[in-house]
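Contents: one structure, followed by commentary.
All of these numbers come straight from a predicted model, not from anything done at the bench. Counting from 1, the numbers follow the sequence of the chain as shown.
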Amino acid sequence: MIYLLALISFVIIAVSIFRRWQFGVYLIFAWLLLEDIIRRLIPGQPVEVMLVKDVLIALTYFSFLIFLLFKNKKIWKPAFWGALSLLVAVSTINVFNDNSPGLLFGLIGLRSYLWYLPLMFLGYYMFGSQEKLLKFCQVLVYLSIPLFLFAVFQYFFYDSGWALVRSLTDATQAHSFGANFGRFEGGDIPLLPSVFGTSHRYSRFSMLLFFLGLGLLMTKYPVNSRLKKNNKLLLASIFSSFLGIIISGVRSAFVLTSAGSVLFFLFAVYIRNAKIRYLWENSRVWFFSLITIILLASLAIFLFGYTVFFQLSSFSATLNERITWASEEFYTALANARFFGWGTGSLSQGLTYLPGGAEWLGRGLVRSETGFGKVVFEMGIFGMIIFYLFWKYLFYLMTREIKFLKNYNLRNLGLGIFIFSFLILFWFTFVHSQVLGDATTLVILWFSLGVFFGLKRSNREYTNSRQIYE
């Protein structure tokens, strides 16, 4: 009976997605929020639950392909098409590397490198107007409030032992922090995942919501739009996403978001008397931001004191430890590198679940925790050069796109996506390879990149409208 119901549900969902591929995108995002909750409630927390997301993505890809064929749509060919094709070719060919532990390892590796990449094309075509785009981003940003409230619930009931207040059993549950601050004594810092399976996944999702929120806050909606802007709710969402990053216990996310905020305020623009000005020229913005930071820090210390001090210590840890550590990782990776590496997927997540995976990992080969080291290990010097040339060219095109965006309303939204994307690659390169091995992060990253390059397309509906309101 259970299998019959599952089959009927699958057919209904598949038909709905085939009728309208955009529905599949909405389901993917909904499943990102539900996947780990369902998995935590199932005894044994089976990893097979994650396959549902891949099935939804596969159905959506197929529906999108049908849409392009039957509507005679010309496929978007981005300016970085050549660099992208080269990266795809190198990653695929490297699956058959003679040094690879097996073909199955390579196919698993391609899942991280290429499987979620087509979401960029879906993001490009997803929204035909500003209004649809802004509505989607608004709903997404508003989610940061319930996500944060659930994390707060986990914070106060962390010791209860309930499955819903902890990360997945195979994830790190807490960080050790031995420093004392007044009445706060050293101890473990709980890593809070909210609805996600790990705190890192939650913090990266919150980073996206934070920068999208900043972009929306600085966006002026077209006068003929039926969508209303609620600045108070947007501010509450931005604060919730940042506080969520703080109490998640993920120091990398806290440092990068803080740095990204400075970049955003340096380059974001506002319109005054029909003239475009940068935020840093507005003293009121700086004063308001400073007061907000002080109040936010005071509230966070009062509610989550020891976790806040743990996060603040990350700045000194970055200067005193992480820079030296990353430099050593880079040197070790390059010193032991092969020109073509050990093969795509030879250092991917989940290898212990594959036949021979444990034996391969136990061979004692020199590996690296950073994403740079992972790329060098898997794809070699040659593949590493191709990988980072692609991202360098992509970010160059993004900066050029931001500079020449005619619609300054969407410019700040694009700036938020650009900063988020850059910080994710920075996190991957210098801190941990897991960042671009996480499916949730890859989904929101590639889809957001597609949205970014589709901003001009979403603007066409309002190109003749210059009247805007707060």
Run Phe211 and Phe264 through ring pair (Phe, Tyr, Trp, His ring centres under 6.0 Å) and show every step you take. CA-CA 8 Å; Phe211 288 109; Phe264 184 90; 7.1 Å; no
Audit row: Ile444, Phe420, side-chain contact (heavy atoms from CB on, under 4.5 Å) steps and yes/no: CA-CA 10 Å; Ile444 61 177; Phe420 166 76; 3.9 Å; yes
Quick check: [Y] with [X] (ring centres under 6.0 Å apart)?
{"X": "Phe205", "Y": "Phe196", "answer": "yes"}
{"X": "Phe210", "Y": "Phe242", "answer": "yes"}
{"X": "Phe29", "Y": "Phe447", "answer": "yes"}
{"X": "Phe148", "Y": "Phe239", "answer": "no"}
{"X": "Tyr125", "Y": "Phe121", "answer": "no"}
{"X": "Phe372", "Y": "Phe428", "answer": "no"}
{"X": "Trp115", "Y": "Tyr61", "answer": "yes"}

I'd like to check the side chain to side chain donor-acceptor pair (under 3.5 Å) partners of Thr198; sequence neighbours left out, ordered by chain and number.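 Per chain and number, Thr198 pairs via side chain to side chain donor-acceptor pair (under 3.5 Å) with no residue.
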Using the side chain to side chain donor-acceptor pair (under 3.5 Å) criterion, which residues pair with Arg201? Sequence neighbours excluded.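 Counting only residues at least two positions away or on another chain, Arg201 forms a side chain to side chain donor-acceptor pair (under 3.5 Å) with Asp36, Asp438.
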Check: [Y] and [X] side chains under 4.5 Å, non-hydrogen atoms:
{"X": "Leu449", "Y": "Met398", "result": "yes"}
{"X": "His432", "Y": "Ser252", "result": "no"}
{"X": "Leu455", "Y": "Leu133", "result": "yes"}
{"X": "Thr257", "Y": "Leu423", "result": "no"}
{"X": "Leu410", "Y": "Gln130", "result": "yes"}

Heavy-atom pair with the smallest gap, counting every atom of [X] and [Y]:
{"X": "Ser433", "Y": "Lys374", "value": "CB-CD, 3.4 Å"}
{"X": "Ser144", "Y": "Ser237", "value": "OG-O, 2.8 Å"}
{"X": "Leu192", "Y": "Ala151", "value": "CD1-O, 3.5 Å"}
{"X": "Leu436", "Y": "Ser112", "value": "O-CB, 3.8 Å"}
{"X": "Leu134", "Y": "Leu413", "value": "CD2-CD2, 4.3 Å"}
{"X": "Ser63", "Y": "Trp21", "value": "OG-CB, 3.2 Å"}

Is the charged tip of Arg166 near the ring of Tyr158: under 6.0 Å from the six-membered ring centre and within 45° of its axis?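 Output yes; distance and angle both within limits.
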For the residue pair [X] and [Y], categorise the inter-ring angle as parallel (less than 30°), tilted (30 to 60°) or perpendicular (more than 60°).
{"X": "Phe422", "Y": "Phe418", "answer": "parallel"}
{"X": "Phe430", "Y": "Phe426", "answer": "tilted"}
{"X": "Phe136", "Y": "Phe127", "answer": "tilted"}

Treating Thr429 as the side-chain partner and Gly371 as the backbone partner, does any N or O pair qualify as donor plus acceptor under 3.5 Å?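 Flag not set: sc Thr429 to bb Gly371 has no pair under 3.5 Å.
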Side chain of Glu378, backbone of Gly341: donor and acceptor closer than 3.5 Å?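 No, Glu378 side chain to Gly341 backbone: no donor-acceptor pair under 3.5 Å.
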Strictly by modelled atom types, are Tyr113 and Asn94 linked by a side-chain donor-acceptor pair under 3.5 Å?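 There is no such pair between these side chains.
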Show me the pairs that pass salt bridge (charged side-chain N to carboxylate O under 4.0 Å, His left out) and involve residues 415-432, at least two apart or across chains.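 Every candidate salt bridge (charged side-chain N to carboxylate O under 4.0 Å, His left out) pair involving residues 415-432 fails, so no pair, neighbours aside, qualifies.
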Other residues, nucleotides and ligands only: do more than 12 of their heavy atoms fall within 6.0 Å of OH on Tyr331?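 No - once you tally the heavy atoms of other residues, nucleotides and ligands closer than 6.0 Å, there are 12 at most.
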Tell me whether Glu35 is salt-bridged to Arg39, with the criterion being a basic N under 4.0 Å from an acidic carboxylate O.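 Here Glu35 does not pair with Arg39 in a salt bridge, since their nearest N and O are not under 4.0 Å apart.
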